[in-house]
Amino acid sequence: MSSGKKIATDSGIEIRQLYDQPVKMEERPGEYPFTRGVQPDMYRGKLWTMRQYAGFSTAEESNQRYHYLLSQGVSGLSVAFDLPTQIGYDSDHPLADGEVGKVGVAIDSIEDMETLFKGIRLEDVSTSMTINASGFILLAFYTALAKKQGADLKKISGTIQNDILKEYAARGTYIYPPKPSMRIITDIFEWCGKEVPKWNTISISGYHIREAGSTAVQEIAFTLANGKAYVKAALEKGLDINVFGKRLSFFFNAHNNLFEEVAKFRAARRMWSRIMKDLGATDPKAMMLRFHTQTGGSTLTAQQPYNNISRVTIQTLAAVLGGTQSLHTNGFDEALSLPTEQAAAIALRTQQIVAFESGAPDTVDPLAGSFFVETLTNEVESAAWQLMEKIDAMGGSVSAIEQGFIQDEIARSAYEYQRQIESGEKIIVGVNRFQNEENTSIPLLKIDDSVQQVQVAKLKAFKQRRDTQQVSAALAKLRDHAVSGQNLMPAVLEAVELHCSLGEIADELRAVFGEYK
């Protein structure tokens, strides 16, 4: 018998006690609008790419972790960069002090990139790089290294996140104002289409929007609105939507509300196919929403940290049942520190157990036909369209961000979520319910401050060995490209090959474009 109390998803969609209405199952997997998946056979044909997000300290230490992960069965690498690298500062910059190598690996030069991938053939791995404002420079480092290895650039595959709009809205690692930032992104679209055609030129990210406190509905609404803005910018540049559309990918969060998360992924695919069709795409591959998933960092607790293994397992199932193309699983200790090798191994084993023991990959869209899941998919989609219509009425994502609308919506949701935890309306096991006296001693990965000294010394030696006249000429050429409106990527690639540092390239463009405040 019902208590009469309303129960809702984390996005506020009311959940009925029983879903017993018949469901139409006319949509086919691998076909528009892709609700049921982007491949006809999904994981029966090819499992999702198992990635582990790693990067810390120096390039040498991160390289050791990559070799360990590859030996343990990961099928793709995912690079975390430190904050100075993310915002275009070399390790010897005053603003880099205290942050070098702390939340990711420090990459100042082509030599650092070479060390990071020492012993790894770039033709043989798919590499995802979580980098935005300075993403074009890291892509140039990676391409230059591939050329040095003798790789066929037509075979190089991977992704740069390259999603600057969500940085303004939710995360904060931006450099340049929106207009030149959008220009850099479309330059990357154009250049990659010709030079590295298998590279995913952008990973439009809902992950950080969710980490900032959004609901599942807001996550897909704001992410797809940002994606729409990038597509429009590329169309204005004269690019072919059926070409660059195939190289767009997305990056979503997986939280604990299993059924809402599955519905979110299914709804997002359906919505994106319609958006791309309305914008002129005719090739089905340009209408597909392909996405990487990471389990929810903000769901992890410092209290009773071993509970996080269960949380990550639920989130892994949500991503797989929702049809992800690649997946990173968080370490159980990440509310306390960067993941240790043991925690990273457990996280990877979680994916492998789901892949090879659970039976979840054996059929396409396993929850299809569930009255609850089908209804919830429709309701998540409807609520997300309503939010996108508000953004469109403001003139699109860039305008909505400039007006503070997206930021305010996320802040309101984050506040409400925290209020529910503090009032006890929302139960977090081990935090506001089922607490106990803890004496668990968990080994933590700590980054020593000496890493900065080592990195600065390497950078100094690098700069002493190079031809300063070539560096000056390369930076002058980059400035000319920036001022004239030519595509920046050829000049950036030449600059890194002539041993310009990341900070020097970013600063040259700061002088032309200014900084976003």
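Residues take their numbers from the sequence shown, with the count starting at 1. Please read these numbers as outputs of a predicted model, since none were measured by experiment.
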(request) Applying side-chain contact (heavy atoms from CB on, under 4.5 Å), run through Leu70 and Leu77 and close with a yes or a no. (result) CA-CA 8 Å; Leu70 288 167; Leu77 297 175; 4.1 Å; yes
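- In summary, of the residues considered (Ile202, Thr223, Ile220), a side chain to side chain contact (heavy atoms under 4.5 Å, CB included) with Phe250 occurs for Thr223 alone.
- Leu444 contributes atom CG, which lies 12.0 Å from atom CD of Glu334 (distance to the nearest 0.5 angstrom).
- When each of Glu261, Glu260, Glu219 is tested with His255 by the rule side chain to side chain contact (heavy atoms under 4.5 Å, CB included), just one qualifies, namely Glu261.
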(request) Using the side chain to side chain donor-acceptor pair (under 3.5 Å) rule, take Thr49 and Arg51 through it: C-alpha gap first, then chi angles, then the decisive distance, then the call. (result) CA-CA 6 Å; Thr49 302; Arg51 298 188 187 277; 5.0 Å; no
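- Of the possible donor and acceptor atoms, none in the side chain of Lys390 sits under 3.5 Å from a partner among the backbone N and O of Leu387.
- Under the 30°/60° scheme for interplanar angles, the aromatic rings of Phe265 and Phe291 are found to lie parallel.
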(message) Phe34 vs Arg28, test: side-chain contact (heavy atoms from CB on, under 4.5 Å). Steps then yes/no.
(response) CA-CA 7 Å; Phe34 308 107; Arg28 305 299 301 168; over 6 Å; no
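- Aromatic rings of Phe252 and Tyr207 (six-membered ring for Trp) have centroids beyond the 6.0 Å cut-off, not under it.
- Of all heavy-atom pairs spanning Ala302 and Leu336, the tightest one is CB-CD2, 3.7 Å.
- The pair Arg412-Glu409 meets the salt-bridge criterion, since a charged nitrogen lies less than 4.0 angstrom from a carboxylate oxygen.
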(message) For Ser203 and Asn162: C-alpha separation, side-chain torsions, deciding distance, then whether side chain to side chain donor-acceptor pair (under 3.5 Å) applies.
(response) CA-CA 6 Å; Ser203 177; Asn162 198 29; over 6 Å; no
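- Salt bridge absent: Lys46 and Asp41 never bring a charged side-chain N and a carboxylate O closer than 4.0 Å.
- In this structure, the separation between CG on Leu69 and OG on Ser75 is 11.0 Å, given to the nearest 0.5 Å.
- Going from atom CD of Gln351 over to atom CG of Leu327 covers 4.0 Å, rounded to the nearest 0.5 Å.
- Under the 3.5 Å distance criterion, the side-chain polar atoms of Asn253 are left unmatched by any main-chain donor or acceptor of Arg210.
- In summary, Lys228 and Asp278 do not engage in a salt bridge, as defined by a charged side-chain N under 4.0 Å from a carboxylate O.
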(request) Could you go through the side-chain contact (heavy atoms from CB on, under 4.5 Å) check for Leu502 and Thr85 one step at a time? (result) CA-CA 8 Å; Leu502 173 134; Thr85 303; 4.0 Å; yes
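- The aromatic rings of Phe251 and His292 are tilted relative to each other, their planes meeting at an angle between 30° and 60°.
- In this structure, Trp48 CH2 and Thr316 OG1 are separated by 8.5 Å, a value rounded to the nearest 0.5 Å.
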(message) Evaluate Glu167 against Asp163 for side-chain contact (heavy atoms from CB on, under 4.5 Å), listing each step before the verdict.
(response) CA-CA 7 Å; Glu167 295 295 332; Asp163 175 4; over 6 Å; no
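- Side chains of Tyr417 and Thr215: a donor-acceptor N/O pair is absent below 3.5 angstrom, by distance only.
- Tyr516 has its ring centre no less than 6.0 Å from the ring centre of Tyr176.
- Looking at every heavy atom in both residues, Leu235 comes nearest to Leu279 through CD1-O, 3.9 Å.
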